[in-house]
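Presented below is the structure to which this report refers.
All heavy atoms count here, side chains included; hydrogens, waters and symmetry mates do not. All ligand and atom numbering here is 1-based and tracks the order in the structure.
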Amino acid sequence: MQSVSYKLGRFFLCGLKYNSELVRSVVNFARGKRVKMAVFTVVGAVKQARLAYYDQAEHEYQKIKLDRPLEIASCFGNLSLKDCKPFAHVHAVLADAAGKTYAGHLLRATVFAAELHLQELLGKKLEREYEQTTGLALWEFRR
Ligand code: ZN
């Protein structure tokens, strides 16, 4: 296992805008604050969402369409670099009116109301690069 240690930077609380796209809003917020590396969580509700399940045999994402209001029961992610640009990797557990949950890799979601808690990490900037065994863009731990 490879790892990198970080010093903690600023900690932000941010209200995401009604009707904004959640993943893009997190990236834009971080970019605006010049945050390069971070971990974050989001709570709130979305109007609709697209989750994805990664098919490990086929090396492709299967999309899960959720065209209805949902609670963000849990949402967490990290921010690093991909193609030299800030990239958010986000997973979420979303709940419907009956409390039934849907979970997976969050591609995008339309914000109804959402609160972002973001911890800036100070240190090495990790870049994502294509990894053949998984077919995913994973962290490259070069020195
Ligand atoms: Zn994922």
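More than 12 heavy-atom neighbours from other residues, nucleotides or ligands sit within 6.0 angstrom of CZ on R50.
Side-chain N/O atoms of K82 and Y130 include no donor and acceptor closer than 3.5 Å.
Residues forming a side chain to side chain donor-acceptor pair (under 3.5 Å) with H117 (at least two apart in sequence, or on another chain): T41. Applying the side chain to side chain donor-acceptor pair (under 3.5 Å) criterion to S3, with sequence neighbours excluded, gives no partner residue. Contacts of F12 classified as side chain to side chain contact (heavy atoms under 4.5 Å, CB included), with partners at least two apart in sequence or in another chain: R10, F29, K33, V35, L118.
For a distance threshold of 2.8 Å, the protein N, O or S atoms nearer than that to the Zn ion (ligand 1), listed by chain and number, are H89 NE2, H91 NE2, H105 ND1.
The aromatic rings of H105 and H89 sit tilted, their planes meeting at an angle between 30° and 60°.
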